[in-house]
Amino acid sequence: MAEQINRVVLAYSGGLDTSVILKWLQQTYKCEVVTFTADLGQGEELEPARRKAEMAGVRPEHIFIDDLKEEFVKDFVFPMMRANALYEGLYLLGTSIARPLIAKRQIEIAKMVGADAVSHGATGKGNDQVRFELGYYALNPDIKVIAPWREWDLTSRTRLIEFAEAHQIPVAKDKRGEAPFSTDANLLHTSSEGKVLEDPWDEVPDYVYSRTVNPEDAPDAPETITIDFERGDGVALNGEAMSPATLLAALNELGRRHGIGRLDLVENRFVGMKSRGMYETPGGTIYHLAHRGIEQITLDRGAAHLKDELAPRYAELIYNGFWFAPERDMLQAAIDYSQEKVTGTVRLKLYKGSVIVTGRKSPHSLYSEKVVTFEDDQGAYDQRDAAGFIKLNALRLRLLGRRG
């Protein structure tokens, strides 16, 4: 017997899975469904989602389609980028960082419309179910959560399509039969998983890539750009001031053209299994390297090295869904404090899949040409000081050596 639910807010894309979920919720829980579709820059037309929701009997005032691109980049992507967060040293967390924003907006809508439950289309095998639900519970500890993939008996693509056809739910032609792979996209990245990617020895087929040209086919001439930073956040491209989402979109186009940001990764999911994914993060890859470039001359060694120690922990928290946890807030406060003087300009060269930092300058630079020069430094640094420095650092090694 299904739990009594009066109204549920569904994270709804309008695709096959969430369209089936919408009808299944109406049937199973005999409840009113409110749909929420987030525009995170995935590049898809979202109005069809509105029409499909209306066809399924959702009241027009209960169909929410929100443009969240600026909030996504400003309040989620940029804070993460300040940390130089890479999961398992490589992954720029494009899917992970979108989930807390979707969860946050679902809880806000649930409060607005008086819903007592929220629902998502994540499967019981992946990370997204954890990310969504940790977000829900952090923001509303008493919310009811419905995860259809953990409840229903529609255990295959074939069963899903049969259910859709039986209930007059439109099925896109490419969904008839097995989809070659599944994708998730937003302004930061596109991820692809499953089917043709499941054998980690097989090379990713070229048709899987959607956001970048093949680096081998990229222009034969390099392109040089500059990115300006203020307090750790990008504010301008080639001297032109831009909003966060506009800047990332412009970098995406540059990265696409030059074949930048492809990653073939076998990662460790939070639930315990390994999975193979292909990620394209064109603009994010450029931005990440640019941010590290400006930090090279503005961050003190101690602060920079501590940040590098914190970054893997921070990345793991985001990957595992703990965006709203106090330890992430604590780390964010430390990271944001480190960024107060991370202001200046980075110059980069883009060429056939590579990003090379070729220059950086800042009004807060800690780099001293006078101290570091190989020429006469006119007393800025006394090389004789190094002898005592080395002797003290060698003391324990010498004592160990004598014992041996």
Side-chain angles (χ1 to χ4, degrees), residues 40-43 72-73 76-78 80-99 126-128 131 180-218 227 234 248-270 273-293 308 311-321 348-357:
L40 298 177
Q42 57 267 48
F72 175 50
V73 182
F76 292 82
V77 175
F78 274 12
M80 179 180 74
M81 289 291 190
R82 286 176 219 140
N84 301 323
L86 293 170
Y87 182 65
E88 298 188 335
L90 292 167
Y91 171 40
L92 282 160
L93 296 159
T95 296
S96 320
I97 194 60
R99 299 324 189 199
N127 298 304
D128 279 338
R131 295 167 184 153
F181 54 91
S182 67
T183 62
D184 174 75
N186 58 47
L187 196 56
L188 181 56
H189 91 158
T190 297
S191 70
S192 302
E193 288 182 327
K195 300 303 175 190
V196 296
L197 304 175
E198 285 181 358
D199 185 341
W201 178 249
D202 290 345
E203 187 173 355
V204 177
D206 200 52
Y207 62 80
V208 174
Y209 297 100
S210 60
R211 294 277 283 266
T212 53
V213 304
N214 189 320
E216 296 165 18
D217 300 326
I227 301 176
L248 184 55
L251 289 174
N252 277 335
E253 175 54 29
L254 289 164
R256 182 200 65 76
R257 191 159 63 229
H258 292 279
I260 290 163
R262 294 183 171 190
L263 174 64
D264 181 339
L265 178 67
V266 176
E267 72 202 58
N268 291 289
R269 285 183 182 168
F270 192 21
M273 68 186 77
K274 289 185 182 289
S275 69
R276 193 266 191 103
M278 191 284 295
Y279 300 108
E280 292 176 274
T281 319
T285 300
I286 300 169
Y287 186 93
H288 169 77
L289 292 166
H291 182 257
R292 294 215 68 134
D308 282 347
R313 176 81 174 111
Y314 180 101
E316 192 173 86
L317 287 172
I318 293 178
Y319 184 87
N320 292 345
L348 309 108
K349 185 182 290 185
L350 315 179
Y351 181 65
K352 290 191 178 292
S354 69
V355 183
I356 303 162
V357 174

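Put simply, CG on Leu317 and CE on Met80 are 13.0 Å apart, with the number rounded to the nearest 0.5 Å. One distance of note links CG of Asn252 with CD of Glu280; it measures 10.5 Å at 0.5 Å rounding. Atom NE2 of residue His291 and atom CD1 of residue Ile227 lie 11.0 Å apart, to the nearest 0.5 angstrom. Glu193 contributes atom CD, which lies 5.5 Å from atom OG of Ser182 (distance to the nearest 0.5 angstrom).
Listed by chain and number, the residues in a side chain to side chain donor-acceptor pair (under 3.5 Å) with Thr190 are Arg211 (sequence neighbours excluded). Annotation: salt bridge (Lys or Arg N to Asp or Glu O under 4.0 Å) contacts of Lys352 (sequence neighbours excluded): Asp220. Under the rule for a side-chain contact (heavy atoms from CB on, under 4.5 Å), the partners of Ala98 that lie at least two apart in sequence or sit in another chain are Leu40, Phe72, Asn186. With sequence neighbours excluded, the residues that form a side chain to side chain donor-acceptor pair (under 3.5 Å) with Glu253 are Arg256. When the side-chain contact (heavy atoms from CB on, under 4.5 Å) test is applied to Asn320, the partners found at least two apart in sequence or on another chain are Phe270, Glu316, Phe322. Residues passing the side-chain contact (heavy atoms from CB on, under 4.5 Å) test with Leu265 are Leu90, Tyr91, Leu263, Glu267, Tyr279, sequence neighbours excluded. The side-chain contact (heavy atoms from CB on, under 4.5 Å) check on Asp199 picks up Trp201, Asp202, with sequence neighbours excluded. In this structure, Arg313 has no side chain to side chain donor-acceptor pair (under 3.5 Å) partners at least two apart in sequence or on a different chain. Checked against salt bridge (Lys or Arg N to Asp or Glu O under 4.0 Å), Asp128 has the following partners two or more places apart in sequence or in another chain: Arg99, Arg131. With sequence neighbours left out, the salt bridge (Lys or Arg N to Asp or Glu O under 4.0 Å) criterion links Arg276 to Asp264. With sequence neighbours excluded, the residues that form a side chain to side chain donor-acceptor pair (under 3.5 Å) with Glu88 are Asn268. Taking Tyr87 as the reference, Tyr319 meet the ring-ring contact (aromatic ring centres under 6.0 Å, His included) condition, with sequence neighbours excluded.
Taking 4.5 Å as the limit, some side-chain heavy atom of Ser192 sits within range of a side-chain heavy atom of Leu197. Val73 is not listed as a side-chain neighbour of Phe76, based on a closest heavy-atom distance of 4.5 Å or more.
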